[in-house]
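Take a look at the structure below.
The sequence lines fix the lettering, A, B, ..., with proteins before strands; numbering per chain opens at 1. Keep in mind the model is a prediction, meaning the values are calculated, not measured. Computed from heavy atoms alone, side chains included, the values below leave out hydrogens, waters and symmetry copies.
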Amino acid sequence: MNIFATLKTRIEAVIGALIAEGLLPHGLDTSKVSAEPPREASHGDVATNAAMVLAKPAGKPPKELAALLVERLKKVPDVTEASVAGPGFINLKLADEIWRSGLRDVLAAGSSYGDSTAGKGEKINVEYVSANPTGPMHVGHARGAVVGDALARLLAKAGFAVTKEYYINDAGGQVDHVARALRARYLQALGKITEDNVQGLLARKEIMYGGDYLVPVATALVARDGDKWAASTDEKVWIPPLRDFTVAYMMKMVKEDLAALGVQHDIFSSEKALVDAGKVDNALKFLADSGLTYTGLLEPPKGKAPDDWEPRPQLLFKATDFGDEVDRPVKKSDGSWTYFAGDIAYHKDKVDRGFNNLVNVWGADHGGYVKRVQAALKALTDNKGALDVQLCQMVRVLNNGEPVKMSKRAGTFVTLRDLIDEVGKDVVRFIMLTRKNDAPLDFDYAKVMEKSRENPVFYVQYAHARGRSVFRHAKEMFPTADLSDAGLAKADLARLTDPDEIGVLRALANWPRTIEGAALVHEPHRLATYMYDLAAQFHGLWNKGNDATELRFLQAGDQSVSCARLALVRGVGLVIASGLAVFGVEPVEEMR
RNA sequence: GCGCCCGUAGCUCAAUUGGAUAGAGCAUCUGACUACGAAUCAGAAGGCUGGAGGUUCGAGUCCUUCCGGGCGCGCCA
């Protein structure tokens, strides 16, 4: 248990004692009582709002209640000072020893420090990337991939049973379009048509794909099937095999790209497989049986009616019963299922697999789609299921402030591979996690490689590398000392007395609650801020040793103090490393 | 026209989920290197949190409304 949770239970015990003595009413709800580090360090180590949230139900003015609590809190173990401040906050000061014992906890837990049981082992499904198998992955996919992957790792660290999932949209018209484009490249590869012919074909409205990336696919198809698909002009003959071929090829590319990013999914779910298994029909029958679908007409969108609008009866899902703006079509007017119908089936499938807690990571252009899927999930689970959709805003790729639009490799948009080639996997991952995902992000090649405080990746990695460097020196200086985590835990930590040293220990004690908080609200980027701040404190302490040499971590004549400080350095390194692990980033041993 | 997201220092962004005097970096100004790597650090200055109402002990955060920006808006996926 972390220090703040410990203090909270002790505060609750004090309240309980006051209730038992009849000084506070029975049945007092303490669920809103908090024990948090105050923003302002001068306010002490822990602040509680107990007096303020309990004042009304207890029928006492906040200040009076606070005074009562303060008297008792002063006697609580590890509390050295308690005082009332502002409107009724109670500020506690703790003995330095509690922070030192926190450091021992870090060393004992190692890389699992900060792990939480908040998730109670509950199953949660995180679906992310889910890029259509129609072409190479681009920057936008990269952001979704990193955010989803880090969120999944974060939730796992916070005690959830996480499944990482990818939904392959391999059933709709998009993949047919790619098949048509592939056919053009295929005929070209066979020498039957020229590049000009290809461009002519690709310019046709129904063929929206066909970048150069299809050329090797066509070559591979020729290698496998020869000219088997060249003769027939009937799409029905060649679309299915070409579609399957390209989907398989594209998914292989997608998986390679994701592997290069260090992203791995547990499950790949196929839309086509859902359709073929009849799950769409089943899901919609389920809704129909619940009386949640009907055949009706939709109003045209207000203020922006399409020119060719004409009302047509369609099968609609009663999304408005579950908080959506309008009812949503599940069948096209030709009677075939809409994409939404497939998505209903897919989410039903997730529910049937035991997930009531779902997270989807989507691009911001799908924002308009959120409510209807949430409505569908509520309908499918009798309002029990929860779906959180994390929307990722655009990434602007820049180089020294100049927009980069084209890929060097693919010649069209900036691909995920471009990013990795340019700056490396770890930098891509970290930078993608420095902003909350619903805010646009600038990704500047030059800036993210800069070696300065401006660049959070560098700054955090530098702190880690500096710590490792201290240990390299320590091994020479104290060749017989036990510098393992277990050995350092036995160091005389009472030698850590400088306010800035204690300050770093306080920061380490905040790691577990940072993890829990970030996991609960699905915001992995919070860890980036934490790591940056911890790095800043560490660099500050380091530099203090430049002037005050007695504060340097290593003191040649004093192994005892050196080991205490090495324990601190190691604690910082462990926490940074465990934060980077959530981000899927390797901590570096030294900067080069 | 409707819906969703966003609006915080000159710039780029935080802010413990409703907590106290809203914090960092950059830029500006002032300092610290015969170094456990100064690739860093210490300090100064910078704010009516887009505007106006409301909810309460307490609002950047929640509600209403307006202004400004982004995304989306029947049978595309």
Side-chain angles (χ1 to χ4, degrees), chain A residues 4 32 34 36-40 42-43 47 49 51-53 55-56 61-62 85-89 91 132 134 169 171-175 177 208 271 297-306 309 311-312 314 316 324-326 328-334 336 338-340 342-343 363-371 391 393-394 434-436 438-440 442 450-456 458-459 462 465-466 469-474 477 510 513-514 517-518 520-521 523 525-526 528-529 532-533 536 539-547 549 552-556 562 565 569 590-591:
Chain A
F4 299 98
K32 284 193 168 173
S34 66
E36 298 173 334
R39 286 187 188 174
E40 183 70 37
S42 65
H43 289 146
N49 61 358
M52 288 181 292
V53 297
K56 196 176 270 182
F89 281 99
N91 292 327
N132 290 350
T134 53
N169 297 137
Q174 303 280 9
V175 283
H177 292 322
M208 353 197 282
E271 182 186 4
L297 295 173
L298 279 177
E299 296 290 318
K302 291 184 179 57
K304 193 196 168 253
W309 176 271
R312 284 178 187 163
Q314 290 178 275
L316 301 173
D324 202 357
E325 315 300 324
V326 292
R328 302 293 181 177
V330 290
K331 264 190 185 176
K332 305 176 192 173
S333 48
D334 69 4
S336 62
T338 60
Y339 177 79
F340 179 46
D343 234 5
D365 54 342
H366 291 70
Y369 197 70
V370 175
K371 276 193 177 179
L391 297 176
Q393 280 289 348
M394 296 277 292
T434 51
R435 298 270 179 270
K436 43 169 153 329
D438 57 6
D442 280 355
E450 209 169 89
K451 293 171 175 174
S452 76
R453 181 165 189 167
E454 272 185 87
N455 177 7
F458 163 77
Y459 192 68
Y462 184 36
R466 272 185 148 176
S469 151
V470 176
F471 271 84
R472 287 192 290 272
H473 284 272
M477 194 179 281
N510 250 317
R513 49 191 306 282
T514 303
L520 240 49
V521 295
E523 289 187 358
H525 80 276
R526 287 173 180 230
T529 308
Y532 185 84
D533 289 344
H539 288 309
L541 183 57
W542 177 295
N543 248 63
K544 217 174 160 187
N546 283 340
D547 297 330
T549 55
R552 295 186 179 185
F553 300 130
L554 299 180
Q555 301 289 329
S562 299
R565 290 173 182 171
V569 172
E590 55 184 326
M591 307 305 290

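Spacing between B/rG7 and B/rG50 at atom C1', rounded to whole Å, works out to 6 Å. If you take atom P in B/rA42 and the same atom in B/rA38, they sit 13 Å apart, rounded to whole Å. Spacing between B/rU49 and B/rU61 at atom P, rounded to whole Å, works out to 10 Å. B/rG10 and B/rG51 have their P atoms separated by 13 Å, given to the nearest Å. Comparing B/rA59 with B/rA52, their P atoms sit 15 Å apart, to the nearest whole Å. Going from the P atom of B/rC6 to that of B/rU64 covers 14 Å, rounded to whole Å. For the C1' atom pair drawn from B/rC11 and B/rA27, the interatomic distance equals 8 Å after rounding to whole Å.
Side-chain atoms of A/Asp547 stay outside donor-acceptor range of the base of B/rA42, with no qualifying N/O pair under 3.5 Å. For A/Arg435 and B/rU12, a side-chain-to-base donor-acceptor distance below 3.5 Å is absent, hydrogens and geometry of angles not being considered.
Annotation: of the two residues near RNA chain B, A/Leu391 and A/Asp442, the 5′-most nearest-nucleotide partner is A/Leu391. Judged by closest nucleotide on RNA chain B, A/Ala439 is the one of A/Phe340 and A/Ala439 placed further toward the 5' end.
Within the structure, a side-chain polar atom (N or O) of A/Asn546 is placed less than 4.0 Å from OP1 or OP2 of B/rA38.
Comparing B/rG70, B/rG25, B/rU40 by their nearest atom to the side chain of A/Tyr532 picks out B/rG25. Side-chain proximity of A/Tyr369 to B/rC41, B/rA77, B/rC57: nearest is B/rA77. In this structure, of B/rA42, B/rC75, B/rC36, it is B/rC75 that holds the atom nearest to the side chain of A/Thr338. For A/Met52, counting side-chain heavy atoms from C-beta on, the closest listed nucleotide (B/rC57, B/rG25, B/rA32) is B/rC57. Here B/rA32 is the nucleotide among B/rG19, B/rG74, B/rA32 with the atom lying nearest to any side-chain atom of A/Asn543. Listed nucleotides: B/rG72, B/rG19, B/rU40. Nearest to the side chain of A/Asp365: B/rG72. Residue A/Arg453 places its side chain closer to B/rA42 than to any other of B/rC36, B/rC6, B/rA42. Between B/rA20, B/rC75, B/rA14, one nucleotide has an atom nearer to the side chain of A/Lys332 than all others, and that is B/rC75. With B/rC41, B/rA77, B/rA38 as the choices, the nucleotide that has an atom nearest any side-chain atom of A/Glu271 turns out to be B/rA77. Distances from the side chain of A/Pro38 to the nucleotides B/rC57, B/rA77, B/rA20 place B/rA20 closest.
Using a 30° and 60° split on the angle between ring planes, A/Tyr369 and A/Phe340 fall in the perpendicular class, above 60°. Under the 30°/60° scheme for interplanar angles, the aromatic rings of A/Tyr532 and A/Tyr459 are found to be tilted.
Summarising the local packing, CE of A/Met394 is surrounded by 12 or fewer heavy atoms from other residues, nucleotides or ligands at distances under 6.0 Å.
A salt bridge does not link A/Glu523 to A/Lys436: none of the charged side-chain nitrogens sits closer than 4.0 Å to a carboxylate oxygen.
Summarising the geometry, the separation between NZ on A/Lys56 and P on B/rU55 is reported as 13 Å, rounded to the nearest angstrom. Between A/Gln393 atom CD and B/rU12 atom C1' the separation is 16 Å, expressed in whole Å.
Counting heavy atoms from C-beta outward, A/Arg472 and A/Glu590 have side chains that approach closer than 4.5 Å.
Stacking of the aromatic ring of A/Trp542 onto the base of B/rC36 is found: the ring centres lie under 5.5 Å apart and the planes are inclined by under 30°.
Residue contacts for A/Val53: at a heavy-atom cut-off of 4.0 Å it reaches a base atom on one of the strands shown.
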